[in-house]
There are 2 protein chains.
Amino acid sequence: MSDQKIKNMEGFAAVSGISRPTLSKYFNDPDSVRKSTRQKIEAALKKHDYRPNVYAVNQNRRQTKNIGLVVPNLTDPFFAGIARTIEGLIVKAGFNPLLLSSHGGPEQEISNLESLRSIKPAGVLLAPLGRASFEDQVAAFASEVPTVLFDANLEGIGEAFFGSDNNQSINLIVEYLCRSGEPPVFFEMKTPINPNAYKRRTAYIAAMGRLGHEPHLIQVDGQGWDFEEIGFREGARILTQQKLPTNTILCSNDRLAIGLLSAAFENGIKVGLDATASLRIAGHDDHPFSRFTCPSLTTVSQDYDAIAARGVETILKLIESEKRMQRREETLFEGKLVMRGSA
Amino acid sequence: MSDQKIKNMEGFAAVSGISRPTLSKYFNDPDSVRKSTRQKIEAALKKHDYRPNVYAVNQNRRQTKNIGLVVPNLTDPFFAGIARTIEGLIVKAGFNPLLLSSHGGPEQEISNLESLRSIKPAGVLLAPLGRASFEDQVAAFASEVPTVLFDANLEGIGEAFFGSDNNQSINLIVEYLCRSGEPPVFFEMKTPINPNAYKRRTAYIAAMGRLGHEPHLIQVDGQGWDFEEIGFREGARILTQQKLPTNTILCSNDRLAIGLLSAAFENGIKVGLDATASLRIAGHDDHPFSRFTCPSLTTVSQDYDAIAARGVETILKLIESEKRMQRREETLFEGKLVMRGSA
DNA sequence: TCATTAACTTTACGCGCGTAAATATTATTG
DNA sequence: CAATAATATTTACGCGCGTAAAGTTAATGA
């Protein structure tokens, strides 16, 4: 670092002794120039600290290097974790991730897509809100910008979807619960936002049927994304006022389970596996906090490393080929049983 | 929406019957044109769906409308929450927030600042890692771009700092704990990343002295941001192997407390206020999950609405005035006692 | 009504870079 | 060493918009 500020590529061409078009080539792909010139350029870069103006670059390039990443709710550590993983993969591929959270609202989701549109992203990875999403507008966006969905599916929208095999994972935990104790009742929200919730409900009913048990749904009221709060409030209600058919509760997701565990504790109901416990509780997702509940939460983990990897891989392929998929890909990954103290 | 695509302002000028320079004025500030022309423009916008190219705009404007927002770790719901609040305020002011997480690493923090620099933000709100931050490089950035720090202070860096008054808040909870039972020992990491942790340690020692008690620090090993894990692992160790001088533990932050609560539960140590409990645990921050621990966590809340509001307000003022602060502002907000079941 | 002012149109240039075409310079190869 | 291929340079234009200057039109007020 020395000398006075260089304000454009012209200036850097002067001090480096390399012509501007060659510099332009270099910045687009360092390997596209001869080794000797590359070394000259990099030597000059060390001395002079110049970087191409991103705005001028993006105005002229056919495609930007931006990849949008939209998640439904960043205050949920589950999504924050996936986002982090995906961001890392995008950066490693030489692209620029732009992270946006829909904060649980469909208006925000659309406004996220709109601000992405104005940034002209090469592609977008979208975990939609689900049931609440304004499907038409999301579809319109996805028809203009290469879009890959993950976590929650919107039928027919985007080039591909990567998510969890709720059928498999629910079956896994229902089987486990049945063979290790009483069959579970299913604790969920009456009108969940997330389409996975519906799949899990259906999968629960099917699994119970297959094992020869009567399914039993506990569907509680509650809106929004404060799942722990809903689990706590409604959990307290059903634990105190309702006679459960069995001593085992499977929650539609870990965050509900966290609230429910808290409610059980408050009401002096001992949860766990040993003989002194009167209730078993299990969840789904392997939420980052589920290791630290009391007792720690038995659950099913989602393979979100695979979801992230395949999602990024797919959007990169779409960007590179500049084509759309011949047919929409839909891949579900299997969950793994995570046995802990609560069931 | 009709007609064929309009690709630039020239084209929109043609269909709207308004000259391009006037349109340019309008898009920079709708109120800068006569009402009648504004209506014409907005009528045309409804029909034709045109938006100025952000890259061309930002290349030519003296200042962009971008405001960078850097937090140490988005997977911590505490920061995700603040980020969300701040983002909302920035959008309301007509600016464009760019959210980046440093994931707990100083290299990432610097690389966040560098990618912000290339986006030429009008200003930046930065919650630095703290002790781990590469101070020189952060300072260099802050001298080029108007920067306001929050949450964690780096002495002398940036135009202003907004955070919590750890002295007041720790004093508050120490006093509460002392008057409601045995005086607390202080549970913390030996070498915390966060400068607030040091302030809290000092504040604890001072508060205990003031109340005539002997301070007692439990400083555990552990690196990184997995505070729950550290609290759990080291908590289990001290709860089982060490004889504590009192039955009350004040944790340096809620996430350590969450881990510690979990460790206590696993080891059959009953935590809480009633006579059957043998341990009291308190935290600091009012973490989103602290309501749902077992028992729920007594803690001190940070006034992060005020921190967010004042931070945004200040950066906007700096941007508007295009000047730096005459002198660095440092404002600390008071915490509030949140009494729950654990202490 | 006409003078005054505010707002608009026309014209033109600049921002920093991508990129194409023609030409000049290096490497590579037998 | 000459022929050929690979890479650089020179020159020039375009991207979409901000913005200044000069001229024109519309609103305002006594």
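Chain letters run A, B, ... following the sequence lines, proteins first, then strands; residues in each count from 1. Quick caveat: nothing in here was measured; it's all calculated off a predicted structure. Scope of the values below: all heavy atoms of this structure, side chains included, with no hydrogens, waters or symmetry mates.
- Using cut-offs of 30° and 60° on the angle between ring planes, the pair B/Tyr50 and B/Phe12 is parallel.
- When heavy atoms are screened at a 4.0 angstrom cut-off, A/Tyr50 is found touching the sugar-phosphate backbone but no base atom.
- Between the CD atom of B/Glu10 and the C1' atom of C/dT10 there is a distance of 11 Å, rounded to whole Å.
- Sorted by first then second residue, the ring-ring contact (aromatic ring centres under 6.0 Å, His included) pairs that include residues 60-114 of chain A, not counting sequence neighbours, are A/Phe78-A/Tyr304.
- Separating the CG atom of A/Asn53 from the P atom of D/dC17 is a distance of 16 Å, rounded to the nearest angstrom.
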Considering only nitrogen or oxygen atoms on both sides, find all protein atoms under 3.5 Å from nucleotides 24-28 of chain D and state each distance.
none

Protein and nucleotides 11-15 of chain C: nitrogen or oxygen contacts under 3.5 angstrom:
unit_1: C/dA12; atom_1: N6; unit_2: B/Arg20; atom_2: NH2; d: 3.3
unit_1: C/dG14; atom_1: N2; unit_2: B/Asn60; atom_2: OD1; d: 3.2
unit_1: C/dC15; atom_1: O2; unit_2: B/Asn60; atom_2: OD1; d: 2.4

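- To the nearest angstrom, P of D/dT7 lies 17 Å from CG of A/Leu23.
- Within a 6.0 Å radius of CD in B/Glu42, other residues, nucleotides and ligands contribute more than 12 heavy atoms.
- A close approach under 4.0 Å does occur between a side-chain nitrogen or oxygen of A/Thr22 and OP1 or OP2 of D/dT9.
- Using a 4.0 Å heavy-atom criterion, one finds that A/Asn58 contacts no nucleic acid atom at all.
- A close approach under 4.0 Å does not occur between any side-chain nitrogen or oxygen of A/Ser24 and OP1 or OP2 of C/dT19.
- Between the CG atom of B/Asp31 and the C1' atom of C/dA6 there is a distance of 16 Å, given to the nearest Å.
- B/Leu100 has its side chain out of reach of B/Glu109: every pair of non-hydrogen atoms, C-beta onward, lies at least 4.5 Å apart.
- In this structure the side chain of B/Arg84 never reaches within 4.5 angstrom of the side chain of A/Ser101, judged on heavy atoms.
- Rounded to a whole Å, the NZ atom of A/Lys25 is 13 Å from the C1' atom of C/dG18.
- Protein atom OH of A/Tyr26 is 17 Å distant from nucleotide atom C1' of C/dC17, rounded to whole Å.
- With distances taken from any side-chain atom of A/Val57 to the nucleotides C/dC8, C/dG18, D/dC17, the minimum falls on C/dG18.
- With a 4.5 Å cut-off on side-chain heavy atoms, B/Glu329 and B/Thr331 count as touching.
- Between B/Arg38 atom CZ and C/dC8 atom C1' the separation is 15 Å, expressed in whole Å.
- Straight-line distance from the NZ atom of A/Lys5 to the C1' atom of C/dG16: 16 Å, rounded to whole Å.
- For the residue pair A/Gln59 and B/Asn53, no side-chain donor N or O sits within less than 3.5 Å of a side-chain acceptor on the partner.
- With respect to B/Arg328 and B/Glu159, no salt bridge is recorded, no charged nitrogen being found less than 4.0 Å from a carboxylate O.
- Within a 6.0 Å radius of CD in A/Glu313, more than 12 heavy atoms belonging to other residues, nucleotides or ligands are found.
- Across all strands shown, B/Gly17 has heavy atoms under 4.0 Å from sugar-phosphate atoms exclusively, and none from any base.
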